[in-house]
Amino acid sequence: MTISTHSWQQTFVTACLLLTLASCSSVPTNPPQAVAHKAKNVILLIGDGMGPQQIGLLLSYSRQAPHGVLTTHRTAFDRMMNEGRLGLSMTHPDAALVVDSAASATQIATGKMAGSEMIGVDKDGNRQATLIDKAKRLGKATGLVSDTRITHATPAAFAAHQTHRSLETNIAEDLLSTDADVMLSGGLSYFLPEATKDDKTPIHQQIKAQVGAGFTVSSARKDDKNLLTTASQQGYQLVFNKSQLQQATGKTLGLFADSLMADGITENKHRDEVNRTQPTLKEMTEQALTILSKRPEGFFLMVEGGQIDMAAHRNDTGLLLHEMLKFNDTLNAVLDWANSHPDTLIVVTADHETGGFGFSYSAYNTPKPRHLAGNAFGDKAMFKPDFNFGNPEVLDKLYTQQLSYEAIFKHFDALPVAEQTPEKLLELVNRYTEFKITKTQAENILATENNPFYQPEHKTLEQKQVPKMPVNSAFFPYQKDNRQNLLAQAVAMQQQVVWATGTHTSTPVLVFSHGKESVLVPFTKLLHHSELGLLLGEAF
Ligand code: MG
Ligand code: ZN
C-alpha cells in the first residue's frame with residue numbers, strides 16, 4: 001500500500017501539493033497546517049487482539065447476561081459510538097496476510113508499512129520516527145501504559161527501534177533513550193543487571209527492599225546494566241506499587257511486576273482489597289492522565305489492554321471476558337476524564353483479531369418443543385428451532401471462572417509427577433470453572449504426540465513431544481500452551497463458543513474515535529493501520 005498524501009512524515013510533499021510548484025523549489029520551514037483539525041491531547045487505546053468479535057463478547061455480556069455486572073447494560077464502546085465516529089482498518093504488514101503485534105503497533109506508531117515482528121522500523125529495516133517523537137517535537141508530554149510489560153511489542157513499537165520484538169533488553173534501553181514522560185507497566189526484570197538473579201547478591205537484596213513484599217525480583221538481562229540507575233539519572237521518579245504511583249507527580253517510570261502484570265480474573269478478584277499493591281490498568285491510566293495533563297502544550301498517551309490477546313491465544317473465553325471488562329473500565333475512565341478536557345482526541349482500536357472467536361449455534365442440546373402464544377402458531381403447532389442457538393446464561397458462567405486456564409495448568413504442573421493424572425486435571429478444571437469436563441476429555445487434553453513441526457532451535461516448536469491437537473495443529477504453534485486450547489475445545493459445546501486458531505486472523509479491526517467532530521472525520525473510513533498512524537500524527 002502506498003500513501004502519498006496526508007503524511008506528517010512527508011510534510012514537504014504535502015506542502016508542495018498545497019503550494020504552487022514554483023514555491024516548492026526549497027524546503028518550506030513552516031509548512032501550512034490544517035489548524036482546525038488538531039487536538040491538544042491524543043489518547044490512543046489499543047486492545048491487543050481485540051477484533052470485532054472480542055468487542056462482541058463484551059456487548060453480548062452487557063446486554064444479555066442474566067446477572068451481568070454492568071448494571072447499566074451499556075459499555076464504554078456504547079459511549080464511543082453515541083458520541084463519536086467509527087472506521088474500519090486493515091492491519092496486514094508488508095508482504096504478508098496476517099500481522100503480529102509488533103508490526104501492527106509499528107504501523108500505527110510510524111505511519112509506515114512494517115515487517116513481521118519488527119519494532120519501530122519500516123519494512124526495509126530503517127528506524128522511523130514515532131508518534132512519541134512527533135509529540136515531543138511539539139513540546140507535548142508523552143506516555144505509555146500497558147498491563148503486559150513495558151518492553152512488550154505494543155508499547156515498545158512507540159519508543160524503540162529493534163529488528164525483532166524478542167530483543168526486550170535492548171528495547172528497555174531504547175525506551176529510556178526515547179525518554180517518554182510516563183511509562184507504566186510490568187517488566188522490571190528487563191531493567192535489572194544479571195546478578196539480580198542470584199538472591200544472595202547485594203543488588204538482589206537492594207532491589208527487594210526497594211520494591212517491597214510480594215514482588216518477584218529477578219533479571220532477564222545478560223549484562224551488568226542497572227537501568228533503574230540510568231532512569232533515576234534521567235530524572236525519572238521510580239514507582240513500584242499503587243500508593244507510590246498515586247503520589248507520583250512528574251516524570252515517572254512505574255514497573256509493577258517482574259514480567260507481566262495481573263490477568264483480568266486476578267485483577268478483578270483483588271480489585272477491592274485495601275492492601276492491593278499492584279495498580280489496575282484503569283488506575284495506571286488515570287494517574288498517567290493526571291501527570292501528563294499538567295503540560296500546557298498537551299500530550300500523547302498510548303494505553304494498551306495487552307492481555308486480551310493472551311486470553312484469545314489460549315482460547316480462554318472466561319478470561320477473555322474479564323480482559324474485556326478490564327479494558328471497558330479503563331476506557332470509561334478515559335471518557336470520564338475527557339468530559340472535562342474537550343480538546344482531546346480518543347482513538348480506540350486493536351492491532352489485530354486473535355483466535356477467530358465467536359459464539360456459534362450447534363447441534364448439541366437442541367431445544368425441546370414449547371408452546372408459544374403467538375397467533376401464527378395456531379392451536380397445535382409448537383415452537384421448535386432446529387438447532388441450539390445458545391443460552392444467555394452461558395455469559396454468567398463465563399464470568400464466574402475463578403482462574404485462568406494458564407493458572408489451572410500451573411497448579412497442575414506444580415503437582416508431583418505421579419499426581420499429574422486426568423482425574424486431578426478434571427478436579428482442578430471442575431473446581432475453578434463452571435464448564436465441567438469428563439475423565440475422557442481430561443485424558444485427551446493430556447495426550448501427546450510426536451511434534452509434527454519440530455524445530456530444535458525454535459522458540460516455541462522445540463519440544464519433541466507436544467499436546468496432541470486433533471485438527472489444524474499448525475495454527476496452534478505455542479505448543480506449551482496447547483493443553484489450554486484443548487481444554488477450550490473440550491468445553492466448546494457447553495460454552496457455545498468456537499475458536500478457529502491459536503494465533504491471529506486478518507479480520508479488519510474497528511477504529512472508534514471521539515473528540516471534536518472536525519478531528520474525527522478523517523478516521524471515519526476504510527483505513528490501513530499505516531494510514532491510521534499518519535492520521536494520528538496529523539491530529540495533534
Ligand atoms: Mg501487545
Ligand atoms: Zn498475539
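Just so you know, ligand 1 is whichever comes first in the structure, and atom 1 is the first atom listed for that ligand.
In summary, the side chains of T433 and Q401 do not present any donor paired with an acceptor at a separation below 3.5 Å, with no hydrogens or angles considered. Counted by atom type alone, S404 and D316 present zero donor-acceptor pairs between their side chains at under 3.5 Å. Side chains of W499 and T317: a donor on one and an acceptor on the other come within 3.5 Å. For the 3.5 Å distance criterion, the side chains of E168 and T151 qualify, holding a donor opposite an acceptor.
Tested against N451, the residues Q465, Q479, K464 include a single side-chain hydrogen bond (donor to acceptor under 3.5 Å, both in side chains) partner, Q479.
Under 2.8 Å from the Mg ion (ligand 1), one finds the following protein N/O/S atoms: D48 OD2, T154 OG1, E304 OE2. By the criterion of a separation under 2.8 Å, the protein N/O/S atoms near the Zn ion (ligand 2) amount to D309 OD1, D309 OD2, H313 NE2, H504 NE2.
The pair K197-E194 meets the salt-bridge criterion, with a side-chain N (NZ, NE, NH1 or NH2) lying under 4.0 Å from an Asp/Glu carboxylate O. In summary, R314 and D481 engage in a salt bridge, as defined by a charged side-chain N under 4.0 Å from a carboxylate O.
In this structure, K140 fails the cation-pi test against F299, since its NZ or CZ atom is not both closer than 6.0 Å to the six-membered ring centre and inside 45 degrees of the ring normal.
Between H504 and H313, the ring-plane angle classifies as tilted under the 30° and 60° cut-offs.
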